[in-house]
Q: 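One structure, as structure tokens, below. Some questions next.
On a predicted model such as this, the values are computed, not experimentally measured, just so you know. All ligand and atom numbering here is 1-based and tracks the order in the structure. Side chains are part of it too, since the values below use all heavy atoms of this structure and drop only hydrogens, waters and symmetry mates.
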Amino acid sequence: MSTQTRVLVTGAGGFIGSHLVKYLKRLGYWIRGVDIKHPEFDETAADEFELLDLRRWENCLQATRDIDEVYTLAADMGGMGYISSNHAQIMRNNNLIDIHILDAARVNGVNRLMYPSSACVYPEFLQEETNITPLKEEDAYPAMPQDAYGWQKLISERTCTHYREEFDIETRIVRFHNIFGPFGTWDGGREKAPAALCRKVAVAKLTETPEVEIWGDGEQTRSFCYIDDCVVGLHKLMRSDYQQPLNLGQDRMVTINQLADMIAEIAEIEISKKHIPGPQGVRGRNSDNTRLRQVLNWEPTISLEQGLARTYAWIEDQVRVKLGR
Ligand code: NAD
């Protein structure tokens, strides 16, 4: 009989899920991928892929059958434009997905479950300046996330913790800080800032119109973590015995204006930034990686410049095809 660990990746048709499946396959796991859609930009690397709506309990039972470990990456998700204007839908869909997959995992005797939370759980009152103090895990309380998306993540973090304490299932909780890279949503309204800016710069380059729109004054700050580092960290945390929420991101903070300039430099064009009204999220955010280093004896290593170069190249290709150039 095979002793290969059987892993379920939910959201395997999405950005982080599809990259994680590839990484875990290389490590030798057997993988079932589940999503409501196939990966948009690539073939799945999963051994088995099922189209299932995980808001439904019976579909979660089907997804978790004969599974040892689950990475729950399925969510109704998007960038600032999406999460700041779909509060009820995000609450409804993500609460249904999260509770059903966790409880189905318990019923089916899954050993371990990874829950992807977000830097969006941190209180708005700690993120009102551009040059903020990096956020430590314990800063999440007293809780006051900016959007329903962050509140929902906090509730699911706590649900995972109580399931671990009271039922026979190990849960791990990661708080991602702006993961980016190729093979992710880059247009249509759900894209996040790095992908949106790569697209805008690519359009500027290919159409020779140098104006690039930026939401707000562009002085809002964030840190950005490349996808290849993200999947390594996710797997390390899953294998660790650490049971509390853990930041996973880079701790180099840049403004959105700087991010746009870095992408323009990679594209080898001059841009003129046009600042327009738009959702900006919190004013400043950065990850404190002290605990990440302690717990995993590791931290992300791929620089923002390297990650953006790979992401921009892929998005420029997508834009070129779309524009027929
Ligand atoms: P994504 O949107 O690319 O992937 C999510 C996937 O979930 C999609 O493929 C979507 O089709 C699927 N999904 C949505 N509803 C579903 C349903 N009812 N049943 C089955 N599948 C469904 O997003 P992502 O960037 O890969 O994010 C993965 C996880 O990480 C999410 O929980 C997200 O909240 C979290 N996260 C991501 C980031 C980031 O920077 N990308 C930051 C913080 C947290």
Q: Report the relative orientation of the aromatic rings in F183 and W314; use parallel for angles under 30°, tilted for 30 to 60°, perpendicular for over 60°.
A: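 The arrangement is tilted - the two ring planes meet at 30° to 60°.
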Q: Tell me, which protein residue and heavy-atom name are nearest atom 4 (O) of ligand 1, and how many Å apart are they?
A: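 Protein heavy atom with the smallest distance to atom 4 (O) of ligand 1: G14 CA, 3.5 Å.
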Q: Give me the nearest non-hydrogen protein atom to atom 14 (C) of ligand 1 as residue plus atom name, then the distance to 0.1 Å.
A: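 Result for atom 14 (C) of ligand 1: A75 O, 3.2 Å.
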Q: Identify the closest protein heavy atom to atom 1 (P) of ligand 1: which residue and atom is it, and at what distance?
A: F15 N, 3.9 Å
Q: Just by distance, do the side chain of D103 and the backbone of I99 share a donor-acceptor pair under 3.5 Å?
A: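 Answer holds: no.
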Q: Using a 4.0 Å heavy-atom cut-off, say whether D35 meets ligand 1 through its side chain, its backbone, both or neither.
A: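 Within the 4.0 Å criterion, D35 contacts ligand 1 through backbone and side-chain atoms alike.
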Q: List ligand 1 atoms under 4.0 Å from M77, heavy atoms only on the residue side.
A: 2 (O), 23 (O), 33 (C), 34 (O), 37 (C), 38 (C), 39 (C), 41 (N)
Q: With heavy-atom distances below 4.0 Å as the criterion, list the atoms of ligand 1 near A74.
A: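 Checking each atom against A74, I get 7 (O), 21 (N), 22 (C).
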Q: Please list the nearest protein heavy atom to atom 27 (O) of ligand 1 with its residue and the distance rounded to 0.1 Å.
A: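 Nearest protein contact, heavy atoms only, for atom 27 (O) of ligand 1 is I16 CD1, 4.0 Å.
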Q: Show which atoms of ligand 1 fall inside a sub-4.0 Å distance from at least one heavy-atom site of L52.
A: 19 (N), 20 (C)
Q: Compute whether any side-chain donor of one residue and acceptor of the other, for N257 and E219, lie under 3.5 angstrom apart.
A: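 There is such a pair (donor and acceptor under 3.5 Å, judged by atom type) between the side chains of N257 and E219.
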Q: Indicate, as side chain, backbone, both or neither, the part of K192 found under 4.0 angstrom from ligand 1 when only non-hydrogen atoms are considered.
A: side chain
Q: Is the shortest distance from a heavy atom of G13 to ligand 1 less than 4.0 Å?
A: yes
Q: Of the protein's non-hydrogen atoms, which lies at the shortest distance from atom 22 (C) of ligand 1, and what is that distance?
A: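 Minimum-distance protein heavy atom for atom 22 (C) of ligand 1 reads I36 CG1, 3.6 Å.
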Q: Just wondering, more than 12 heavy atoms not from E43 lying within 6.0 Å of its CD?
A: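 Atom CD in E43 is not packed in, count stays at 12 or less.
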Q: Quick test: of every protein heavy atom, which one is nearest to atom 33 (C) of ligand 1, and how far off is it to 0.1 Å?
A: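 For this ligand atom, the closest protein heavy atom is Y149 OH, 3.5 Å.
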Q: Need the ligand 1 atom indices (1-based, order shown) with element for anything under 4.0 Å from a heavy-atom of G11.
A: 6 (C), 7 (O)
Q: Under the side chain to side chain donor-acceptor pair (under 3.5 Å) criterion, do E50 and Q62 qualify, and how do the steps go?
A: CA-CA 10 Å; E50 293 185 26; Q62 183 177 330; 2.9 Å; yes
Q: Quick check: does any side chain N or O of R172 sit under 3.5 Å from a backbone N or O of S240, one acting as donor and the other as acceptor?
A: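 Checking the backbone N and O of S240 against the side chain of R172, a donor-acceptor pair under 3.5 Å is found.
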Q: Would you please test E165 and T161 for side chain to side chain donor-acceptor pair (under 3.5 Å) and show each step?
A: CA-CA 6 Å; E165 288 165 349; T161 301; 5.9 Å; no
Q: Assess the residue pair Y122 and N247 against the criterion (side chain to side chain donor-acceptor pair (under 3.5 Å)); give the C-alpha distance rounded to whole Å, side-chain angles, the decisive distance to 0.1 Å, and a yes or no.
A: CA-CA 11 Å; Y122 289 111; N247 283 335; 2.7 Å; yes
Q: Can you list the atoms of ligand 1 that are under 4.0 Å from a heavy atom of K37?
A: 9 (O), 11 (O)
Q: Please confirm whether the backbone N or O of N94 pairs with a side-chain atom of Q152, one donor and one acceptor, at under 3.5 Å?
A: yes
Q: Has K153 got any heavy atom lying under 4.0 angstrom from an atom of ligand 1?
A: yes
Q: Just need the protein heavy atom nearest to atom 19 (N) of ligand 1, so name the residue and atom and give the distance.
A: L54 N, 2.9 Å
Q: Relative to the heavy atoms of S118, which atoms of ligand 1 are at a distance of less than 4.0 Å?
A: 43 (C), 44 (C)
Q: Of the protein's non-hydrogen atoms, which lies at the shortest distance from atom 29 (C) of ligand 1, and what is that distance?
A: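 Answer, as residue, atom name and distance: L73 O, 3.5 Å.
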Q: Ignoring hydrogens and geometry, is there a side-chain-to-backbone donor-acceptor pair from Q4 to G28 under 3.5 Å?
A: yes
Q: Could you walk me through whether Y312 and E265 pass side chain to side chain donor-acceptor pair (under 3.5 Å), step by step?
A: CA-CA 11 Å; Y312 178 77; E265 198 177 320; over 6 Å; no
Q: Out of all atoms in ligand 1, which are within 4.0 Å of some heavy atom of S117? Include the element for each.
A: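 Counting from 1, the qualifying ligand atoms are 43 (C), 44 (C).
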Q: Taking 4.0 angstrom as the limit and counting only heavy atoms of D53, give me the atoms of ligand 1 inside it, by number and element.
A: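 Counting from 1, the qualifying ligand atoms are 17 (C), 18 (N), 19 (N).
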Q: Using a heavy-atom cut-off of under 4.0 Å, does the side chain or the backbone of F180 touch ligand 1, or both, or neither?
A: neither
Q: Can you tell me which residue among D53, D98, D76 is in a side-chain hydrogen bond (donor to acceptor under 3.5 Å, both in side chains) with N93?
A: D76
Q: How far apart are the C-alpha atoms of E305 and R252, what are their side-chain angles, what is the distance that settles it, and do they pass the salt bridge (charged side-chain N to carboxylate O under 4.0 Å, His left out) test?
A: CA-CA 12 Å; E305 286 81 356; R252 173 183 171 196; 2.9 Å; yes
Q: Does A119 reach ligand 1 with a nitrogen or oxygen that is under 3.5 Å from one of the ligand's nitrogen or oxygen atoms?
A: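 So ligand 1 has no N or O lying under 3.5 Å from an N or O of A119.
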